[in-house]
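Because the structure is predicted, anything quoted here is derived from the model rather than measured. We name chains A, B, ... by the order of the sequence lines, and we start the count at 1 in each one.
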Amino acid sequence: MTRERVYPEEPAGPFPEPPQSFADREDREISIVTADEADVDAVTDMYCDFDPADRAQGIPPTGETRIREWLDTIFDEGINVVALDDDTVVGHATLVPDTANGEGDECAYELAIFVLQSHQRAGIGRQLLTTLLGYGKREGIERVWLTVERWNRAAVELYRDVGFETCGSESFELEMSLRLSG
Amino acid sequence: MKVLLGIDGSDESMKTLRKTIDRAREAGDDLTVVVVPKEEAKRSQDEMAAAARDLVTEAGLDVDVRVVAGDPGSTLVDIAERESFDQLAIGGGTESPMGKIRLGPITEFVLLNANVTVRLVR
């Protein structure tokens with residue numbers, strides 16, 4: 001995509017920074033912490049348990065080998081947070097630099113977020129998302145974008161609610177963007 | 001089977017072309033390749049057509065390679081219908097930095113408007 005992506009003029013936020021902990025709607029004690037390469041095993045386990053029906057636009061891939069390859073790239077290049085229920089990873093959110101459209105040091109980041117089926121509809125996604133954005137801002141990231149399938153109303157509403165604006169819709173997916181600073 | 005492949009001058013199209021040639025050899029498809037215009041593509045339409053002719057010759061296939069003008073999606077759908085192709089093959093999308101598959105506007109147009117079976121090549 002060589003097309004210029006449009007970003008809101010005003011920065012969104014403020015957003016909480018990791019670590020965070022809270023009781024979800026099912027009264028489970030959930031913590032949200034930053035994750036790095038050392039956590040890839042635990043995150044791989046989560047994606048191995050992931051219901052294929054909740055895949056979006058081809059991710060997460062299926063099968064441990066492909067999941068691990070995918071996560072290796074994401075953890076190598078991006079910044080990550082995970083949601084933990086005890087020591088089990090039940091959610092993961094990531095910002096991956098869009099190097100193809102990089103403008104010097106300041107490139108935009110693509111966002112994605114996944115919550116394990118057993119822990120959906122409990123408010124964890126919103127906390128993961130806002131905490132990832134707080135982490136991103138702390139790390140100096142200025143612009144964030146994502147794509148979401150149009151029919152996924154819950155996700156579109158959540159993104160809009162935290163400050164994302166629709167910036168493209170010429171294809172099956174909606175494209176949304178958010179400014180963290182700058 | 002009579003297969004129409006639509007490509008532009010991108011690297012993704014080069015991959016799609018190679019895979020479709022392999023498949024045509026295996027299945028004995030009667031393949032036609034149409035090179036559509038794309039702004040800022042890595043290769044011009046003529047360069048892409050020349051590359052396609054080289055690849056099909058290498059593969060020992062007798063393939064009609066054409067360069068067309070006009071809106072890519074509607075031109076492909078139109079050729080597929082007018083010339084009674086059994087199948088219209090196009091690239092199955094690019095990947096975002098995250099690894100998400102992204103279908104472009106040409107793919108969407110073809111999927112929604114073609115009266116023939118559409119194959120997304122991945």
B:Leu88, B:Met48: one ILVMFWY side-chain cluster at the under-4.5 Å cut-off?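 No, because B:Leu88 and B:Met48 fall into different hydrophobic clusters, even though each may have its own neighbours under 4.5 Å.
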
Transitive ILVMFWY side-chain link B:Ile101 to B:Leu112, under 4.5 Å: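 In one cluster with B:Ile101: B:Leu112, no.
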
With a 4.0 Å cut-off, would you call A:Glu175 and B:Arg102 a salt bridge?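 Judged by the 4.0 Å cut-off on N to carboxylate O distance, A:Glu175 and B:Arg102 do form a salt bridge.
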
Considering all heavy atoms of both residues, which atom of A:Asp98 and which atom of B:Pro97 are nearest to each other, and what is their separation?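 Smallest interatomic distance, heavy atoms only, reads OD1-CG, 3.3 Å.
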
Side chain to side chain contact (heavy atoms under 4.5 Å, CB included) evaluation trace for B:Met98 with A:Gln57: CA-CA 10 Å; B:Met98 178 77 56; A:Gln57 295 145 280; over 6 Å; no

Are there residues of residues 65-78 of chain A that reach to under 4.5 Å of chain B by heavy atoms, and which ones?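 Residues of residues 65-78 of chain A touching chain B at under 4.5 Å: A:Trp70, A:Ile74.
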
Name the region of A:Leu111, side chain, backbone, both or neither, that has any atom closer than 4.5 Å to a heavy atom of chain B.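 The backbone, not the side chain.
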
Determine yes or no for a side-chain-to-main-chain donor-acceptor pair under 3.5 angstrom, with B:Lys100 supplying the side chain and A:Thr147 the backbone.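 Yes; at least one donor-acceptor contact below 3.5 Å.
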
Tell me every residue that passes salt bridge (charged side-chain N to carboxylate O under 4.0 Å, His left out) with A:Asp85, counting only those two or more places apart in sequence or in another chain.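 If we apply the salt bridge (charged side-chain N to carboxylate O under 4.0 Å, His left out) test to A:Asp85, skipping adjacent residues, there are no hits.
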
State which residues pass salt bridge (charged side-chain N to carboxylate O under 4.0 Å, His left out) with B:Asp64; sequence neighbours excluded, sorted by chain then number.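 With neighbours one apart ignored, the set is B:Arg66.
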
Top of B:Gly99, B:Gly93, B:Ser96 for chain A proximity - count of heavy-atom pairs under 4.5 angstrom: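 The candidate making the most pairs under 4.5 Å is B:Ser96.
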
Taking atom [atom1] of [X] as the centre, report whether more than 12 heavy atoms of other residues, nucleotides or ligands fall under 6.0 Å from it.
X       : atom1 : value
B:Arg82 : CZ    : yes
B:Glu83 : CD    : yes
B:Arg25 : CZ    : no
A:Arg28 : CZ    : yes

Those residues that, when tested against A:Asn152, pass side chain to side chain contact (heavy atoms under 4.5 Å, CB included) (two or more places apart):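 Counting only residues at least two positions away or on another chain, A:Asn152 forms a side chain to side chain contact (heavy atoms under 4.5 Å, CB included) with A:Val148, A:Ala154, A:Ala155.
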
